[in-house]
Protein chains: 2
Amino acid sequence: MEPELTIQQVAQATGLSVHTLRYYERCDLIAPIGRSTSGHRRYSANDLRWIEFLNKLRLTGMPIRQMQQYAELVRSQPDSGFHRRRQMLESHREAVLAQIQQLQDNLAVIDWKIQHYSELEVTLNDSLKTPPQTHWRSLSKGESA
Amino acid sequence: MEPELTIQQVAQATGLSVHTLRYYERCDLIAPIGRSTSGHRRYSANDLRWIEFLNKLRLTGMPIRQMQQYAELVRSQPDSGFHRRRQMLESHREAVLAQIQQLQDNLAVIDWKIQHYSELEVTLNDSLKTPPQTHWRSLSKGESA
DNA sequence: TTAAAGGTTAGAGCGCACTCTAAGTCAAGC
DNA sequence: GCTTGACTTAGAGTGCGCTCTAACCTTTAA
């Protein structure tokens with residue numbers, strides 16, 4: 001009934017490597033996984049859901065330390081203490097929003113530069129089609145390009 | 001006339017450490033900086049602009065390897081080859097946009113969880129104000145929280 | 001029955017981007 | 001003259017997040 005997954009299957013499903021899955025378990029991001037009689041890990045559907053959520057945290061840049069804290073909260077108070085967990089997620093949320101903002105701000109400068117290069121290319125092309133009146137080298141102003 | 005800056009001043013202005021500034025020069029992200037008679041670095045306004053732009057690339061997550069390539073292009077063809085440079089920036093731009101998209105997607109799941117916790121807290125508060133009819137523990141369904 | 005495929009562990013190694021250290025030079029102020 | 005403090009270098013060390021290795025065990029299919 002419970003579809004018990006092998007470490008390979010979980011790796012496939014989550015995009016994490018089997019190495020990483022074992023590593024996460026070792027550093028308590030994942031609670032000890034059930035074993036088959038032979039000692040091999042058998043992941044439950046719940047385990048998979050948890051790992052998938054961990055992965056969201058990871059992909060939004062949460063450091064392992066923080067994920068460890070969060071995991072510890074979930075493990076120690078699975079049925080209460082939502083407030084503290086929510087706080088953690090909300091403060092992480094703010095950090096991610098700030099990061100997105102910073103990416104966008106800095107990207108704007110890069111966009112501006114791309115635009116600048118486009119214009120230089122157009123001007124350069126024009127000066128190649130029509131015989132150059134002025135020396136095209138005068139286009140560049142300093143080496144800050 | 002040219003305001004020659006010390007490494008300290010550039011560090012202040014850019015937010016990079018003096019260590020990092022020397023490190024960037026060592027690995028050719030920054031062309032060799034002019035020196036005072038005593039051998040101390042003296043940064044020009046142009047140097048500063050370049051470092052500030054580098055910093056934008058860095059803050060948008062461009063790896064040092066790529067910045068090295070870009071810097072090499074600028075150094076080898078300061079007055080031409082805009083096309084290649086523009087290509088690099090555009091492909092980086094796409095990568096950053098994809099990254100922002102991924103952050104937003106994953107953040108949506110985290111937001112959903114925050115919402116979920118909020119609701120649990122409200123329900124929990126209610127059940128504390130009015131005498132509990134059902135055991136509040138029944139709120140949690142599994143440990144995938 | 002035997003080979004291949006997949007699992008286990010403890011622990012070492014890696015790539016990145018810094019960050020720091022040690023030993024020395026130099027300029028300014030007391 | 002001497003101390004203080006900012007600078008120089010080459011090279012070592014750090015923290016993060018994996019990633020791999022070696023030696024061994026189990027399951028499966030031919």
Side-chain angles (χ1 to χ4, degrees), chain A residues 4-44 47-48 51 53-71 92 95-96 99 102-103 106, chain B residues 4-44 47-48 51 53-71 92 95-96 99 102-103 106:
Chain A
E4 303 260 272
L5 301 167
T6 67
I7 196 165
Q8 282 282 355
Q9 289 169 319
V10 174
Q12 281 263 319
T14 60
L16 299 168
S17 74
V18 295
H19 294 297
T20 301
L21 285 171
R22 286 195 275 253
Y23 166 67
Y24 278 7
E25 194 175 334
R26 236 191 306 177
C27 59
D28 294 327
L29 288 180
I30 303 172
I33 294 294
R35 301 300 176 117
S36 70
T37 51
S38 56
H40 294 186
R41 288 174 181 81
R42 291 292 176 262
Y43 294 79
S44 73
D47 294 332
L48 183 58
I51 293 165
F53 184 64
L54 263 192
N55 206 14
K56 306 292 181 197
L57 295 179
R58 183 187 78 100
L59 289 171
T60 49
M62 185 184 279
I64 280 184
R65 285 290 171 86
Q66 258 175 66
M67 292 201 280
Q68 282 170 331
Q69 283 174 34
Y70 185 81
H92 178 58
V96 176
Q99 200 205 327
Q102 201 201 32
L103 285 174
N106 290 309
Chain B
E4 304 259 272
L5 302 168
T6 67
I7 195 166
Q8 283 282 354
Q9 290 169 319
V10 175
Q12 281 264 318
T14 59
L16 298 168
S17 74
V18 294
H19 294 297
T20 301
L21 285 170
R22 285 194 276 253
Y23 166 67
Y24 279 7
E25 193 175 334
R26 234 191 309 177
C27 61
D28 296 325
L29 288 181
I30 303 173
I33 295 294
R35 301 301 176 116
S36 70
T37 51
S38 57
H40 294 186
R41 287 172 180 81
R42 291 292 175 262
Y43 294 79
S44 73
D47 293 333
L48 183 59
I51 292 165
F53 184 65
L54 264 192
N55 206 14
K56 306 292 181 197
L57 295 179
R58 182 187 79 101
L59 290 171
T60 49
M62 185 184 279
I64 280 184
R65 287 288 172 84
Q66 259 174 66
M67 293 200 280
Q68 283 170 331
Q69 284 174 33
Y70 185 81
H92 178 58
V96 176
Q99 199 204 327
Q102 200 200 33
L103 285 174
N106 290 308

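The structure presented is a predicted model; accordingly, all values stated were derived computationally and were not measured. Below, each value reflects all heavy atoms present in this structure, side chains not excepted, and no hydrogens, waters or symmetry copies.
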[atom1] of [X] versus [atom2] of [N]: gap in Å, rounded?
{"X": "A:Ile30", "N": "D:dC18", "atom1": "CD1", "atom2": "P", "result": "11 Å"}
{"X": "A:Gln8", "N": "D:dT28", "atom1": "CD", "atom2": "P", "result": "15 Å"}
{"X": "A:Leu16", "N": "D:dC18", "atom1": "CG", "atom2": "P", "result": "8 Å"}
{"X": "B:Leu21", "N": "D:dT9", "atom1": "CG", "atom2": "P", "result": "12 Å"}
{"X": "A:Arg65", "N": "D:dT14", "atom1": "CZ", "atom2": "C1'", "result": "13 Å"}
{"X": "A:Arg58", "N": "D:dG17", "atom1": "CZ", "atom2": "P", "result": "10 Å"}
{"X": "B:Tyr23", "N": "D:dG11", "atom1": "OH", "atom2": "C1'", "result": "14 Å"}

With a 4.5 Å heavy-atom cut-off, do [X] and [Y] have their side chains touching?
{"X": "B:Arg22", "Y": "B:Ile7", "answer": "yes"}
{"X": "A:Ile30", "Y": "A:Asp47", "answer": "no"}
{"X": "A:Leu29", "Y": "A:Tyr23", "answer": "no"}
{"X": "A:Phe53", "Y": "A:Arg58", "answer": "no"}
{"X": "A:Glu25", "Y": "A:Ile33", "answer": "yes"}
{"X": "B:Tyr43", "Y": "B:Leu48", "answer": "no"}
{"X": "A:Met62", "Y": "A:Gln69", "answer": "no"}

**Asked** So what does B:Arg22 hit on the nucleic acid, given a heavy-atom distance under 4.0 Å: a base, only sugar-phosphate, or nothing?
**Response**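 The answer is base, as B:Arg22 lies within the cut-off (heavy atoms under 4.0 Å) of a base atom.
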**Request:** Compute whether any side-chain donor of one residue and acceptor of the other, for B:Thr6 and B:His40, lie under 3.5 angstrom apart.
**Result:** no
**Message:** Students should find this one: the first and last nucleotides of DNA chain C, 5' to 3', lying under 4.0 Å from a heavy atom of chain B. What are they?
**Reply:**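 Reading along DNA chain C, I get C:dC16 to C:dA27.
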**Asked** How far does CD of A:Gln9 sit from OG1 of A:Thr14, to the nearest 0.5 angstrom?
**Response** 11.5 Å
**Prompt:** For A:Tyr24 and B:Ile7, take the nucleotide of DNA chain D holding the closest heavy atom to each; which residue's nucleotide lies nearer the 5' end?
**Reply:** B:Ile7
**Prompt:** Near DNA chain C, which residues from residues 31-43 of chain B have a heavy atom under 4.0 Å away?
**Reply:**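 Only B:Ser38 qualify.
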